[in-house]
**Student:** 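Questions regarding the structure given below will be posed in turn.
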Protein chains: 2
Amino acid sequence: MKPIKELNPTFLTQEENKEHLINYLLETADNYLILGQRLGELCGHGPNLEPDIAITNISLDLLGQVRSFYQYIAQLKANQTTEDDIAFLRKEREYKNVLLVEQPNTDFGYVIVRQYFFDVYNRMFLNALQQSADETLRSLAFKGIKEAAYHERFSGDWLKRLGDGTEESHHRVQQAVDDLWIYTDELFHSTASSKAMMEAGVAPDMLQLREYYYEKVEQLLETATLKVPEVEYFQKGGKKGMHSEYMGRILAEMQYMQRTYPNSRW
Amino acid sequence: MKPIKELNPTFLTQEENKEHLINYLLETADNYLILGQRLGELCGHGPNLEPDIAITNISLDLLGQVRSFYQYIAQLKANQTTEDDIAFLRKEREYKNVLLVEQPNTDFGYVIVRQYFFDVYNRMFLNALQQSADETLRSLAFKGIKEAAYHERFSGDWLKRLGDGTEESHHRVQQAVDDLWIYTDELFHSTASSKAMMEAGVAPDMLQLREYYYEKVEQLLETATLKVPEVEYFQKGGKKGMHSEYMGRILAEMQYMQRTYPNSRW
């Protein structure tokens, strides 16, 4: 990212730029929404109250982030829409989250690995976003970074405990690492909108962070006595709205109040 | 409740007293568990992010309370059990929550009315429990009272907004009041264990609080332009383990991690 310089005041008066910024905000915030939703599914499901509660707290942090990003979108759209409509009233293809965050809560190991793979990215992303040329994004990043660092500590600590724990926990968490690894690369993929925002100094250059990301994650896997998977290709598609089979079910679950009680904004 | 006096140190060395205290703690904390679980079901389900997040926060407060109470039980049982076993490994008949808290999330009005009916009770209960002869309970009550007061403010404010809102919101929330009213009285029913604890100065005399409860609730209903239902009899049974049809589904949901991934404490 270039050194901070304020956006030219006319930048967002151009429809194309505004459209790219909105897309970029969706690409970012939809990850928080879907991961927050996935974690919310675990609320009170046991078998352990303590991590249950911590995980629900993380879910709430992510949903709090979602609100800030969607509110910014609503503002950019001259309040012709609301954070709730953006969250709950889109079609599957319009959600731009990466495939990683839609992966299911297969077991506690999957929950922790998915979380750690996301948290490292998210903390690096928010850290870089504090240099954005867009003032609102700078302040969102500044507000979110502490929570993100806490999340990464939580998931990283658990990953070490599970990897370096019993034979069973090691085996199961290695399985989760092997299965989820293919979804990590998409976090760093560019889209037309993220490229446009990067060129304007609004978005961090994620490809630059990609190297640090793998260095960091691979180091922690080693500490956790886990093997770094070798894969031939990585999965992608979410950022373009091409989601896995799981996404439909997440949305069905997420939108059930709306569907069951239409006009429930009473 | 009698003025604070410490329990005789030999009181809990008698098995019968200890058994009653444990039952009494379950009667109290199971309400938090089941209501916390019910609220957790709403996490991220929309249609509005803001109350969603507030409700999930309340759910987390209640689950935090649960942990404290169950940890105390585990301690009384010389750590032959854990908070997680108490939360997740009992059979339906062994849960002692009142029927009110198992009632479903029919719509937002039901969620708010159920919450308000519980919150008023809970705040009064914790307030009185600060005078308990049992030191641990006094400190739990002291820690919980602020959250309880916040919950009551949240649900009471919403109840007023819905009652005194649109014609539809008024109609729907009146329906919720009418349907849930019959479950309020059980909150104040005594059991053998709560009676024993009341006599020992450990438990508040809930029958004394019952009058203040209805005064308070009826006043708020009036402010909300809602009618106080007239009923011939109240529902009960939960405190004795006789639950409604909903309870089995809540437990199935709650214990699914345990059932789907047995031995998941790895």
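Here is how names work: the chains are called A, B, and so on, in the same order as the sequence lines, proteins then strands, and each is numbered from 1.
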**Student:** Taking side chain as everything from C-beta outward and backbone as N, CA, C, O, which of these in B:Glu50 sits under 4.5 Å from a heavy atom of chain A? Side chain, backbone, both or neither.
**Tutor:** both
**Student:** Tell me which one of A:Ile86, A:Thr82, A:Val66 satisfies side chain to side chain contact (heavy atoms under 4.5 Å, CB included) with B:Leu49.
**Tutor:** A:Val66
**Student:** So with a 6.0 Å cut-off around CD of B:Glu92, is the heavy-atom count from everything else above 12?
**Tutor:** yes
**Student:** Could you tell me whether A:Glu94 atom CD has more than 12 heavy atoms of other residues or ligands within 6.0 Å of it?
**Tutor:** yes
**Student:** Heavy-atom distance under 4.5 Å to chain A: side chain of B:Glu83, backbone, both or neither?
**Tutor:** both
**Student:** Taking the side chain as every heavy atom from C-beta outward, state whether B:Asn48 and A:Phe88 have any atom pair closer than 4.5 Å.
**Tutor:** no
**Student:** From A:Leu60 CG over to B:Asn57 CG, what is the distance, rounded to the nearest 0.5 angstrom?
**Tutor:** 5.0 Å
**Student:** So for A:Asp52, is it side chain, backbone, both, or neither that comes closer than 4.5 Å to the heavy atoms of chain B?
**Tutor:** side chain
**Student:** Considering non-hydrogen atoms only, spot the tightest contact between A:Ile53 and B:Gly64 and give its length.
**Tutor:** CD1-N, 4.0 Å
**Student:** Only pairs of heavy atoms separated by less than 4.5 Å count here; which of B:Leu33, B:Leu39, B:Thr56 has the most with chain A?
**Tutor:** B:Thr56
